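Okay, so here's the structure we're looking at.
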Amino acid sequence: MTRTFAPEELIRTENFIGGRWVPASDGARFAVTDPADGKLIAEVADSHVADARAATDAAAAALPAWRETLPKERAEILRRWHALIVANQDALGALISREQGKPLSEGRGEVAYGASYVAWFAEEATRVYGDLIPQQHRGKRMSAIKEPIGIVAAITPWNFPLAMIARKIAPALAVGCTVIGKPAEDTPLTASALVLLAQEAGVPPGVLNLITASRGRGIDAVGDWLQDGRVRKITFTGSTAVGKHLARESAGTLKKLSLELGGNAPFIVFDDADLDAAVAGLLVSKFRNGGQTCVCPNRVFVQAGVYERFTALLAERVSAMKVGPASDASTQIGPMINSKAVDKIARHVDDALTHGARVVTGGKRLPELGPNFYAPTVLADANSSMLLCGEETFGPVVPLFRFEDERQAIEEANATPYGLASYFYSNDMKRIERVSRALETGLVGINEGAISSEAAPFGGVKESGYGREGSKYGLDDYLSIKYLCQGNLV
Ligand code: ADP
């Protein structure tokens with residue numbers, strides 16, 4: 001029987017190293033709070049270098065046996081983990097909403113989304129094929145096999161506290177790697193709960209290790225992983241600045257990296273689009289998690305002929321959105337993650353207003369709800385001199401840029417160092433073909449705002465990083481290819 005845990009049972013406040021829940025080596029702790037009201041949820045282990053080292057030691061000790069397990073044995077453990085995640089969906093979803101702030105329906109949705117990667121990689125585990133290379137010389141057999149890369153360090157952000165770490169751990173375990181992980185300081189509890197379920201599923205001691213840490217001590221702890229030659233891979237989701245830091249600091253031991261970094265997604269609405277579908281797609285992609293996702297449209301380009309009509313349709317829907325704490329089941333937009341996040345949003349909006357933008361709806365903090373709330377906002381007359389054009393706002397703000405023709409839309413959409421997601425709406429087949437090819441991003445939504453799927457390759461180009469998560473390509477990042485040449489056969 002798949003065990004279901006009471007919500008409080010899922011809360012773990014220690015590190016998980018070598019199959020045991022242990023405090024930080026010096027006993028330090030830090031507070032995890034509810035972003036809706038600032039109330040303490042728990043105090044968790046605040047790890048430092050010694051804890052990071054202990055996690056690597058445990059992962060190194062477990063690696064030889066784990067990599068020799070049969071793929072179908074690893075698949076079976078992942079299937080059990082998946083079943084446990086699904087069986088505990090309500091409690092996990094509520095925990096996500098509590099420490100991260102997203103509406104309850106989205107918390108539950110994230111559990112299903114994260115679980116889908118575990119199911120996917122349970123299946124992919126048994127399909128890691130190599131190649132027998134067509135014979136080149138008589139008496140010689142050449143083949144290529146794929147091997148687990150070794151110890152994988154997974155560093156994750158707070159916006160999807162379950163899905164981001166699940167989609168890193170699952171492929172790593174599937175191919176026989178061992179894992180050391182550190183979740184974001186704002187949301188460590190969900191990751192620990194997930195690891196508890198992995199333990200329950202039968203992941204052997206040392207195969208999966210997790211340390212939690214506050215920002216400063218976490219940087220030191222991860223620093224130890226970056227320097228340690230035993231750690232062969234870093235998989236990271238977070239900001240571009242930190243991604244570059246990880247690439248630089250791990251260069252000394254030439255680790256393989258997967259970096260899923262910031263975006264600045266364009267969303268283009270052409271004159272020939274189905275405007276109702278475009279509004280619906282924008283709402284889904286922009287306001288999920290209060291606009292705090294790396295694939296959220298950050299710049300919305302609308303062709304001149306439909307600009308006013310699109311603005312009016314959008315404003316009507318956005319002004320009706322319900323803002324509140326996750327604990328209220330009718331909430332559609334929760335609090336932002338912390339005060340720094342709300343300050344950035346306010347700075348972007350103020351800057352846009354001084355550069356000629358017009359508030360169509362929203363455009364203000366909501367102090368009556370709490371210090372971390374910001375109203376869903378539509379700004380008209382956005383232009384490229386505004387801060388929000390160059391940087392991710394990471395909040396519920398839609399700036400509407402006006403454009404005249406397709407060439408201008410593509411040029412402006414690509415005028416950013418980032419290249420994660422893009423979206424466009426058009427009913428012209430030839431335009432769809434042209435624009436899909438011209439957009440410089442790893443993901444393109446065509447008449448669609450909800451594009452993520454465990455079956456699809458997720459990842460960026462340019463300064464949005466490299467590597468792909470999910471899909472049949474998602475295992476490659478955790479594998480290395482070995483060439484075998486056997487001679488003297490005839
Ligand atoms: P965000 O802006 O979403 O918080 P960050 O890139 O700052 O994204 O953080 C993502 C993850 O990277 C978190 O787990 C955070 O603790 C970690 N992190 C931040 N700075 C560093 C650093 N210098 N070295 C290692 N990890 C870091």
Side-chain angles (χ1 to χ4, degrees), residues 15 24 30-33 35 44-49 51-53 55-56 99-102 152-169 179-192 194-195 210-228 231 233-253 255 257-264 289-296 298 336-345 347-348 372 391-395 418 420 460 463-465 469:
N15 289 328
F30 71 101
V32 183
T33 56
V44 303
D46 195 359
S47 309
H48 204 242
V49 172
D51 307 293
R53 187 74 57 87
T56 314
E99 69 171 348
Q100 197 271 333
K102 67 180 62 178
V152 173
I155 299 147
T156 52
W158 48 263
N159 61 345
F160 289 89
L162 186 141
M164 293 301 105
I165 199 156
R167 78 182 188 189
K168 295 180 180 336
I169 296 172
V179 177
I180 49 182
K182 189 202 77 67
E185 54 278 7
D186 296 287
T187 57
L189 294 170
T190 304
S192 298
L194 197 63
V195 166
L210 189 82
I211 62 168
T212 57
S214 61
R215 185 78 168 195
R217 284 170 56 104
I219 290 173
D220 293 345
V222 170
D224 193 66
W225 293 346
L226 299 177
Q227 304 301 324
D228 193 326
V231 178
K233 170 161 182 93
I234 308 277
T235 170
F236 171 75
T237 300
S239 61
T240 293
V242 173
K244 288 178 179 175
H245 165 82
L246 300 178
R248 269 193 305 270
E249 294 297 310
S250 63
T253 49
K255 300 183 200 312
L257 286 106
S258 299
L259 301 174
E260 208 267 273
L261 309 177
N264 183 357
N289 204 11
Q292 303 172 108
T293 88
C294 48
V295 293
C296 272
N298 197 51
M336 299 299 105
I337 187 71
N338 53 36
S339 60
K340 217 171 86 195
V342 197
D343 290 346
K344 182 178 187 191
I345 296 164
R347 189 157 42 82
H348 276 195
N372 292 345
E391 286 176 34
E392 261 184 313
T393 304
F394 235 61
Y418 303 101
L420 185 55
E463 292 187 28
S464 290
E469 296 192 306

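Ligands are counted one by one from 1 in listed order, and the atoms in each one are counted from 1 as well. Quantities reported herein were computed from a predicted structural model and do not represent experimental measurements.
Taking every non-hydrogen atom of Ser239 and a distance limit under 4.0 Å, the qualifying atoms of ligand 1 come out as 5 (P), 6 (O), 7 (O), 8 (O). Distances below 4.0 Å separate heavy atoms of Gly238 from the following atoms of ligand 1: 6 (O). Atoms of ligand 1 lying under 4.0 Å from at least one heavy atom of Thr156, given by number and element, are 11 (C), 13 (C), 14 (O). Every atom of ligand 1 with a heavy atom of Ile155 under 4.0 Å away is listed here by number and element: 11 (C), 12 (O), 14 (O), 17 (C). Those atoms of ligand 1 that come under 4.0 Å of a heavy atom in Val222, given as number and element, are 25 (C). For ligand 1, the atoms closer than 4.0 angstrom to any heavy atom of His245 are 22 (C), 23 (N), 24 (N). Each of the following atoms of ligand 1 lies closer than 4.0 Å to a heavy atom of Lys182: 14 (O), 15 (C), 16 (O).
Between the Asp224 side chain and the Ala52 main chain, no donor and acceptor come within less than 3.5 Å of each other. A donor-acceptor pair under 3.5 Å is absent between the side-chain atoms of Asn289 and the main chain of Lys102, judged by distance alone.
Residue Glu185 places at least one N or O, backbone or side chain, under 3.5 Å from an N or O of ligand 1.
In this structure, the protein non-hydrogen atom closest to atom 10 (C) of ligand 1 is Phe236 CE1, 3.8 Å. In this structure, atom 22 (C) of ligand 1 lies nearest to the protein heavy atom Ile219 CG1, 3.4 Å. At the top of the distance list for atom 1 (P) of ligand 1, counting protein heavy atoms only, stands Trp158 NE1, 3.7 Å. In terms of protein heavy atoms, atom 18 (N) of ligand 1 is closest to Val242 CG1, 3.9 Å. The protein atom (non-hydrogen) at minimum distance from atom 7 (O) of ligand 1 is Arg215 NH2, 2.7 Å.
Residue contact annotation: Phe394 has no non-hydrogen atom under 4.0 Å from ligand 1. Using a non-hydrogen distance threshold of 4.0 Å, Leu246 registers as a contact of ligand 1.
A 4.5 Å side-chain heavy-atom check between Ile165 and Leu210 finds at least one atom pair inside the cut-off. The side-chain heavy atoms of Val222 and Phe236, taken from C-beta on, include no pair separated by under 4.5 Å. Side chains of Gln100 and Thr190 form no contact here, defined as non-hydrogen atoms less than 4.5 Å apart.
Between Glu260 and Arg167, at least one side-chain nitrogen of the basic residue sits less than 4.0 Å from a carboxylate oxygen of the acidic one, meeting the salt-bridge criterion.
Contact record, Lys255 with Leu226: CE-O, 3.0 Å, taken as the closest heavy-atom pair. Contact between Leu246 and Ser250 at its shortest, heavy atoms only, is O-OG, 2.7 Å.
Using modelled atom types and a 3.5 Å distance limit, the side chains of Lys168 and Thr237 yield a donor-acceptor pair. For the residue pair Glu469 / Ser258, no side-chain donor-acceptor distance below 3.5 Å is found, with atom types taken as modelled.
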